[in-house]
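Taking it in order: structure first as structure tokens, then the write-up.
Nothing here was measured: the structure is a model prediction, and the numbers come from that model.
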Amino acid sequence: MSVINRIILFFYALAFGAISILTMVLFARFIPDAQIWNEFLYLCSRMETVVVAVVIFICSLYLLIQSLSTHSNDVSTNEAVIVQGKMGEVNISLTALKDMADKIARSITGVRDVKVRLKMTKAPTKDKTLIPNFKLKLIVGEESNIVSISDKIKQQLDIYLNKYIGIEKAKIDINVESISNNSTNNKKRVV
């Protein structure tokens, strides 16, 4: 669920919570009936009441359409990759896959820093299997060939996913954010 949908759902739930509290107060008869009827007639005569009702109705329609739509290929980020083994299913968390991609990218000579994002997307085939979609943002050294670094990362990540995890179709996108001239020495200074 996107951030916009969560915000709309928050205010929508807040409005219905207020309506339910108001209903409980009316049911308990804390306020006299004549006063309630007078306030109700006053609210019905106001243009703001109509505007609020239209906004709530539009939010309701929007949330209904979003809940029924199936066009999104993204899967929730708290999912795990399920791999079928000889003895049954094995769940591999997305965090483990991200850490593995981070370790592989950092092991390549010339890579200074890497940020890994991972989403599971549904394949465009009929079976709708889940495919890991890696997006790596790199900072590389100026002494290295960027194309060869990119090819090495893709090749090693693909080999690792295929050989050790059993995932054959992974999408790997690499974006070089910066070319750094800092040395590859990662020695810590003592102060």
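With rounding to the nearest 0.5 angstrom, the CE atom of Met100 is 4.5 Å from the CD1 atom of Ile165. Atom CG of Asp173 is separated from atom NZ of Lys135 by 6.0 Å, given to the nearest 0.5 angstrom. For the atom pair Ile8 CD1 and Ile4 CD1, the distance stands at 6.5 Å (nearest 0.5 Å). Glu143 CD to Ser180 OG: the interatomic distance, rounded to the nearest 0.5 Å, is 8.5 Å. Of the inter-residue distances, the one linking Leu157 atom CG with Leu97 atom CG reads 9.0 Å to the nearest 0.5 angstrom.
Listed by chain and number, the hydrophobic cluster partners of Phe40 are Trp37, Leu41, where partners are ILVMFWY side chains within reach of under 4.5 Å, directly or through others.
For the pair Ser93 and Lys98, the minimum side-chain heavy-atom distance is 4.5 Å or more. Put simply, the side chain of Leu118 reaches to within 4.5 Å of the side chain of Pro132, judged on heavy atoms. Within the 4.5 Å cutoff, no side-chain heavy atoms of Lys137 are placed close to those of Val114.
Residues satisfying the salt bridge (charged side-chain N to carboxylate O under 4.0 Å, His left out) test with Asp102, not counting sequence neighbours, are Arg106. Checked against ring pair (Phe, Tyr, Trp, His ring centres under 6.0 Å), Tyr42 has no partners two or more places apart in sequence or in another chain. Partners of Gln155 by side chain to side chain contact (heavy atoms under 4.5 Å, CB included), not counting sequence neighbours, listed by chain and number: Ile159. Partners of Asn145 by side chain to side chain contact (heavy atoms under 4.5 Å, CB included), not counting sequence neighbours, listed by chain and number: Val147, Ser148. Residues meeting the ring pair (Phe, Tyr, Trp, His ring centres under 6.0 Å) test with Phe11, sequence neighbours left out: none. Among residues two or more places apart in sequence or in another chain, the side chain to side chain donor-acceptor pair (under 3.5 Å) test is passed with Gln35 by none.
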Mind running side chain to side chain contact (heavy atoms under 4.5 Å, CB included) on Ser107 and Gln156 for me, showing each step along the way? CA-CA 10 Å; Ser107 71; Gln156 287 187 10; 4.0 Å; yes

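Ile36 and Ile19 are not part of a single hydrophobic cluster, where members link through side-chain heavy atoms under 4.5 Å apart. Cluster membership check: Ile139 does not share its hydrophobic cluster with Ile104, using side-chain heavy-atom separations under 4.5 Å among Ile, Leu, Val, Met, Phe, Trp and Tyr. Under the 4.5 Å side-chain heavy-atom criterion for Ile, Leu, Val, Met, Phe, Trp and Tyr, Leu43 and Val50 are members of distinct hydrophobic clusters. Ile131 and Ile174 are members of different hydrophobic clusters when ILVMFWY side chains are connected at heavy-atom separations under 4.5 Å. No path of Ile, Leu, Val, Met, Phe, Trp and Tyr side chains, each step under 4.5 Å between heavy atoms, connects Ile21 with Phe27, placing them in separate hydrophobic clusters.
Results of the side chain to side chain contact (heavy atoms under 4.5 Å, CB included) test with Val140 over Ile146, Asp113, Thr109, Ile108 single out Ile146 as the only residue that passes. Test Asn175, Ile153, Val111 against Leu136 for side chain to side chain contact (heavy atoms under 4.5 Å, CB included) and you get one pass: Ile153.
The stretch residues 45-62 participates, sequence neighbours left out, in these salt bridge (charged side-chain N to carboxylate O under 4.0 Å, His left out) pairs: Arg46-Glu48. Note on residues 20-30: pairs passing salt bridge (charged side-chain N to carboxylate O under 4.0 Å, His left out), not counting sequence neighbours, are Arg29-Asp33. Each salt bridge (charged side-chain N to carboxylate O under 4.0 Å, His left out) pair with one or both residues in residues 149-165, not counting sequence neighbours, would appear here, but there are none. Note on residues 149-172: pairs passing ring pair (Phe, Tyr, Trp, His ring centres under 6.0 Å), not counting sequence neighbours, are Tyr160-Tyr164.
Closest of all the heavy-atom pairs between Ala101 and Val116 is CB-CG1, 4.0 Å. Contact detail for Gly110 and Ser144: the closest heavy-atom pair is CA-OG, 3.3 Å.
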Contacts under 3.5 angstrom, residues 57-64 side chains, donor-acceptor by atom type, not counting sequence neighbours:
| from | atom 1 | to | atom 2 | distance (Å) |
| --- | --- | --- | --- | --- |
| Ser60 | OG | Tyr12 | OH | 2.4 |
| Ser60 | OG | Ile56 | O | 2.9 |
| Tyr62 | OH | Asn5 | OD1 | 2.7 |

